[in-house]
2 protein chains.
Amino acid sequence: MTADTKERILNVAERLFADRGFPATPLRDITNEAGVNIASVNYHFGSKEALLAAVLERRLRPVNARRLELLDAIEAAAGNGVPNVEDVIRAFLAPPFQKRQEWGAGGDNFLRLLGRIHSETNEEFRATFFQQFQGVFRRFEQALQRALPHLDATDIGWRMLFLVGSMALTMAWGESFASIGPASHKDPEDVLESLIQYAAAGMASPVPIGVPVGAAQTGHAS
Amino acid sequence: MTADTKERILNVAERLFADRGFPATPLRDITNEAGVNIASVNYHFGSKEALLAAVLERRLRPVNARRLELLDAIEAAAGNGVPNVEDVIRAFLAPPFQKRQEWGAGGDNFLRLLGRIHSETNEEFRATFFQQFQGVFRRFEQALQRALPHLDATDIGWRMLFLVGSMALTMAWGESFASIGPASHKDPEDVLESLIQYAAAGMASPVPIGVPVGAAQTGHAS
DNA sequence: GTATGATTAAAACAAGCGTTGGATTCTATA
DNA sequence: TATAGAATCCAACGCTTGTTTTAATCATAC
């Protein structure tokens with residue numbers, strides 16, 4: 001019935017979009033695997049694009065809600081004081097990885113998909129995705145500005161971009177990187193801790209002072 | 001003539017692949033814009049896939065060569081000592097951004113494309129791309145192991161993944177992030193310095209000790 | 001000028017693709 | 001039970017796509 005049909009489409013779409021990318025995943029592959037008719041996609045979702053948006057939204061909404069919930073708690077605890085950098089970063093990075101545990105196989109698919117989407121340079125995609133993301137990004141930017149008052153807003157913004165990059169690639173590749181061999185094996189919870197530690201250290205690092213002489217020479221030698 | 005035809009195809013492909021992604025870029029768009037015939041792609045490159053490989057290789061080869069050159073110099077200077085973490089990271093991160101200056105508009109396109117490709121989860125893509133990349137990755141992994149002898153290889157590997165994530169998203173989004181407004185404007189050289197600083201701090205940060213109690217509680221509450 | 005191979009062009013193939021319109025079936029309600 | 005709306009199905013549309021085949025043109029050497 002209806003709820004089942006939609007759910008099946010969403011689940012299969014999530015996996016195939018994650019594995020192959022949106023443009024390279026024909027709707028017929030999705031519907032064949034979900035055991036539904038091709039016309040169901042347009043009936044229930046309106047278009048292939050809208051299906052992608054629905055796939056993303058059903059997971060991003062609780063993830064972002066959780067992020068904001070955690071951030072609210074941190075800010076409430078800090079009162080007029082300075083929120084802890086690592087706590088803020090944890091509030092941002094932890095929810096997708098923790099929700100993934102909750103969601104089972106779908107969670108893995110979602111992480112891979114979300115990791116890919118972050119690097120999407122196509123304007124249309126970006127507009128859709130960014131819309132769901134930018135409010136949260138701003139909130140965390142502001143919290144980090146409070147946590148790191150010596151950094152200017154530009155530096156915070158860029159460092160958040162770097163942080164999001166780490167998160168995205170870990171989402172996209174983390175599962176397969178971990179399965180290369182024993183040398184790269186690491187429990188998901190440990191991976192998350194490493195990521196948080198790494199990002200917090202980078203975020204809190206001193207601001208570079210100008211362009212070092214070494215780098216200038218390298219540039220000129222090219 | 002031949003060299004001109006190939007060059008034009010490569011340049012247009014680079015840009016369109018960067019803007020829209022490989023699967024979403026029809027060959028006819030490339031050839032129309034390059035002013036050549038559709039059959040030229042198969043004649044000169046063999047297939048669409050091979051065109052992508054050629055687009056990537058012509059830029060990655062000098063980038064990776066430069067990386068290894070810089071790393072060799074750092075290791076030679078260090079002799080039996082410990083190479084400097086930031087220097088090693090700079091040797092890895094700087095070449096694509098510096099080559100981009102050299103290459104003009106094509107360099108920007110290439111960065112965007114390379115940034116996207118890093119998040120590609122499709123197995124076929126990854127195999128092709130990874131082949132061109134993994135030797136370099138290994139070399140830098142080893143250099144960082146020397147630079148940070150207290151870290152085990154697994155941690156180094158994961159931190160490199162985080163570092164590559166930051167680099168990739170900066171490549172993919174850096175140009176447009178910088179142009180959002182005055183609040184995010186930053187000279188490309190300063191962005192690179194910030195990225196290096198951020199990554200070096202994260203790379204050299206202490207290893208997290210187990211799973212903190214706070215995170216465990218958060219996980220259970222979900 | 002001629003022959004040969006390289007390169008480009010034109011036309012087509014075979015398949016795929018998202019969407020659509022109308023028909024049919026299903027479901028809930030009075 | 002009848003009805004109306006929801007949901008699914010089927011067939012097709014109109015187009016796009018990477019690749020292929022053959023012909024035409026170009027470039028070079030003799």
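Naming convention: chains lettered A, B, ... in sequence-line order (proteins, then strands); numbering from 1 in each chain.
- When the side-chain nitrogen and oxygen atoms of His44(B) are compared with OP1 and OP2 of dA6(C), none of them lie within a distance under 4.0 Å.
- Per the geometry, CD1 belonging to Ile9(A) stands 10 Å off C1' belonging to dT8(D), to the nearest Å.
- Nucleotide dC17(C) holds its C1' atom 9 Å from the CD1 atom of Ile38(A), rounded to whole Å.
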request  = Test Asn64(A) against Arg67(A) for side chain to side chain donor-acceptor pair (under 3.5 Å), laying out the working first.
outcome  = CA-CA 5 Å; Asn64(A) 287 334; Arg67(A) 279 169 165 159; 2.8 Å; yes
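- On a pure distance criterion of 3.5 Å, no polar donor-acceptor pair joins the side chain of Arg28(A) and the base of dG16(C).
- Asn32(B) places its CG atom 13 Å from the C1' atom of dT17(D), with the value rounded to the nearest Å.
- Listed nucleotides: dG21(C), dG18(D), dT19(C). Nearest to the side chain of Ala39(A): dG21(C).
- Comparing dT20(D), dA6(C), dT20(C) by their closest approach to the side chain of Asn42(A) singles out dT20(C).
- The distance between atom CZ of Arg20(A) and atom C1' of dC17(C), rounded to the nearest whole Å, is 14 Å.
- A donor-acceptor pair shorter than 3.5 Å cannot be found between the side chains of Arg8(A) and Asn11(A).
- The CZ-C1' distance, from Arg8(B) to dT8(C), rounds to 11 Å in whole Å.
- Between Leu27(A) atom CG and dT20(C) atom P there is a gap of 12 Å when expressed in whole angstrom units.
- Following rounding to the nearest Å, Glu7(A) (CD) and dA7(D) (P) show an atom-to-atom distance of 15 Å.
- Between Glu193(B) and Arg90(B), at least one side-chain N (NZ, or NE/NH1/NH2) sits under 4.0 Å from a carboxylate O, which counts as a salt bridge.
- Ranking dT8(D), dG18(D), dC17(C) by closeness to the Pro26(B) side chain, first place goes to dG18(D).
- OP1 and OP2 of dT8(D) both lie 4.0 Å or more from every side-chain N or O belonging to Tyr43(A).
- A donor-acceptor pair is defined here as one N or O able to donate and one able to accept, closer than 3.5 Å; no such pair exists between the side chain of Arg100(A) and the backbone of Asp108(A).
- Distances were taken from every side-chain heavy atom of Asn37(A) (C-beta onward) to each of dA10(C), dC10(D), dT19(C); the shortest belongs to dC10(D).
- Residue-level contact check: Thr25(A) touches the backbone only, with heavy atoms under 4.0 Å from sugar-phosphate atoms and none from bases.
- A salt bridge is defined here as a Lys NZ or Arg NE, NH1 or NH2 lying under 4.0 Å from an Asp or Glu carboxylate O, and Asp19(A) with Arg116(A) fails to meet this definition.
- Checking dT8(C), dT8(D), dT19(D) against every side-chain atom of Thr5(B), the shortest atom distance belongs to dT8(C).
- Spacing between atom CZ of Phe45(B) and atom C1' of dT8(C) amounts to 14 Å, rounded to whole angstrom units.
- Here Ser40(A) does not reach the OP1 or OP2 of dA7(D): none of its side-chain N or O atoms lies under 4.0 Å away.
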